[in-house]
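What follows is one structure encoded as structure tokens, with my remarks underneath.
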2 protein chains.
Amino acid sequence: MQPLDISSYLGRLQDYYAREKIIPSTTQLSMLWNVKARSWTHQIVQRLKEENFLENAPGSRLRPGPRFFERTVGPGVRAGRPQQTADVQPELLRIDDYLIEKPSQTILFPVKGDSMIDLGILEGDMVIIERSSSASPGEVVLAIVDNEFTLKVLARDKEGYYLEARNEARSKEYPPIRPQQKLEIYGFYVGLFRKAQVPAPRLHHPGLDR
Amino acid sequence: MQPLDISSYLGRLQDYYAREKIIPSTTQLSMLWNVKARSWTHQIVQRLKEENFLENAPGSRLRPGPRFFERTVGPGVRAGRPQQTADVQPELLRIDDYLIEKPSQTILFPVKGDSMIDLGILEGDMVIIERSSSASPGEVVLAIVDNEFTLKVLARDKEGYYLEARNEARSKEYPPIRPQQKLEIYGFYVGLFRKAQVPAPRLHHPGLDR
DNA sequence: TATTATAGAGAACGAATGTTCTGAATTCAA
DNA sequence: TTGAATTCAGAACATTCGTTCTCTATAATA
């Protein structure tokens, strides 16, 4: 029921917001969208508000609405190609919602070292930690050992709780950690995210290069 | 050199921003700060800009500056921990900002298989793909081979472009893929995120359990 | 006490803002 | 071909905007 194709306007605005972190005024939106009349820009904004991509902040300014940060999810990377013709409603996902359940108790930590490489946790990754002073064996936890944060798997045997690394290839370098007195748990691992490091730009590649 | 104690103003503004996700106008800032004169509000804003807590967005509006999201870690939490007093704890909602530069050209794909495990890309991860029909050798790309999406490393030799897996342990199962005719690139990998699978809940663990 | 910098108020102004109204051009089904 | 949406443009308006200027309090300093 939206005869006006709003998606191209929304896309431009989303890209703008990613750069500038602000929703501009109607006047500037007109320039961004190449719309001559502010009244028409206003109209488009109304549609975007109806669809919850935008909403009014105090002072009648605009801010991103609940759906503004939705990202489309494609099919599994080994499944078939997406059906172009069939108008399948694309699945949408908000990364933040997906990853974080309790924002107030969630903290991000950059990963150092390769002790958890077998779980696909690499140096430079950001792990998402939910604060908790307790955990169960088998969970990945952020513990405080010797005044340092360390991410390990919580384990337990007859002697009590201890911490295990997950790096089979270099297991000798990461022996189990048994706390001298008490084992302090800072939180448990709920997820991670990673920004690909840009490969060194290789110029002069005609053809397939970007 | 700042005789004016700016921190209380900043604090009110930070709280406001956490609620409303927007930096208000001078007029509304005056109300928020209980300042009668917009000129004085303007002055305070200038100081905040000098200290990089605020900055000007296009259209002479305000947006958070680089230091706006600094949070002071409470002394109780610190207690000799390896952390500075002031740490930049990014807003959790900004994971999306961190990962995605061009929202309109970005699509998420769930990963199936373990062909890229050496790069820490596991089954069940969500990879972030930026659309592009070209790429450079060495980049991780989402290509279309035999009508299927596949995530591989783009490589090139004298015979042309081909795709490589990254799974040393099972390299025989993932031989290089040489396209029969043309190699279609769908986009390139810019990052990923992962939700930890919850371990089977083990009940009745007194003490350390949650 | 006299001086001076800081903290705050008030008025004023042009520019930009959000919004509304009217009216064309275009599309599209009846 | 008629008529109705839809899409866009232009003008208009009251309000708010950021900014600047001048003018008091207050506090600290000499």
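Just so it is clear: chains get the letters A, B, ... in the order the sequence lines come, proteins before strands, and each one is counted from 1.
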Nearest-Å distance, [atom1] ([X]) to [atom2] ([N])?
{"X": "B:R47", "N": "C:dT6", "atom1": "CZ", "atom2": "P", "value": "8 Å"}
{"X": "A:Q28", "N": "D:dC17", "atom1": "CD", "atom2": "P", "value": "16 Å"}
{"X": "A:M31", "N": "C:dA16", "atom1": "CE", "atom2": "P", "value": "11 Å"}
{"X": "B:I22", "N": "C:dT17", "atom1": "CD1", "atom2": "P", "value": "13 Å"}
{"X": "B:W33", "N": "C:dA9", "atom1": "CH2", "atom2": "P", "value": "13 Å"}
{"X": "B:R61", "N": "C:dT17", "atom1": "CZ", "atom2": "P", "value": "6 Å"}
{"X": "A:W40", "N": "D:dA11", "atom1": "CH2", "atom2": "P", "value": "19 Å"}
{"X": "B:I23", "N": "D:dC17", "atom1": "CD1", "atom2": "P", "value": "14 Å"}

Sort me out a list of protein N/O and nucleotides 19-27 of chain C N/O pairs below 3.5 Å, or just none if empty.
from: C:dT19; atom 1: OP2; to: A:H42; atom 2: NE2; distance (Å): 2.9
from: C:dT19; atom 1: O5'; to: A:H42; atom 2: NE2; distance (Å): 3.4

Side-chain N or O of B:S25 versus OP1/OP2 of D:dC17: is the shortest distance under 4.0 Å? yes
Taking only the side-chain nitrogens and oxygens of A:Y9, find out if one of them lies under 4.0 Å from OP1 or OP2 of D:dC8. yes
Among the candidates [options], find the nucleotide nearest to the side-chain atoms of [X].
{"X": "A:A37", "options": "C:dA9, D:dC17, D:dA9", "value": "D:dA9"}
{"X": "B:K36", "options": "D:dT7, C:dG10, C:dT17", "value": "C:dG10"}
{"X": "A:V35", "options": "D:dA9, D:dC8, C:dG8", "value": "D:dA9"}

Base, sugar-phosphate or nothing for B:V45? Non-hydrogen atoms, less than 4.0 Å. nothing
Does the ring of B:Y162 carry B:R178 above it, NZ/CZ under 6.0 angstrom from centre and within 45° of its axis? yes
Would B:R131 count as a cation-pi partner of B:Y186, with NZ or CZ less than 6.0 Å from the six-membered ring centre and within 45° of the ring normal? yes
Hey, does A:W33 have a side-chain heavy atom less than 4.5 Å from the side chain of A:L13? yes
Could you list the donor-acceptor pairs under 3.5 angstrom formed between side-chain atoms of residues 102-111 of chain B and any protein atom two or more places apart in sequence or on another chain?
from: B:S104; atom 1: OG; to: A:D15; atom 2: OD1; distance (Å): 3.2
from: B:S104; atom 1: OG; to: A:D15; atom 2: OD2; distance (Å): 2.6
from: B:T106; atom 1: OG1; to: B:K102; atom 2: O; distance (Å): 2.6

Any chance CD of A:E101 has more than 12 other-residue heavy atoms, nucleotides or ligands included, within less than 6.0 Å? no
Under the 3.5 angstrom rule, does the side chain of A:R71 hit a backbone N or O of B:I100 as a donor-acceptor pair? no
If you measure from CD1 on A:I121 to CE on A:M116, what distance do you get to the nearest 0.5 Å? 4.5 Å
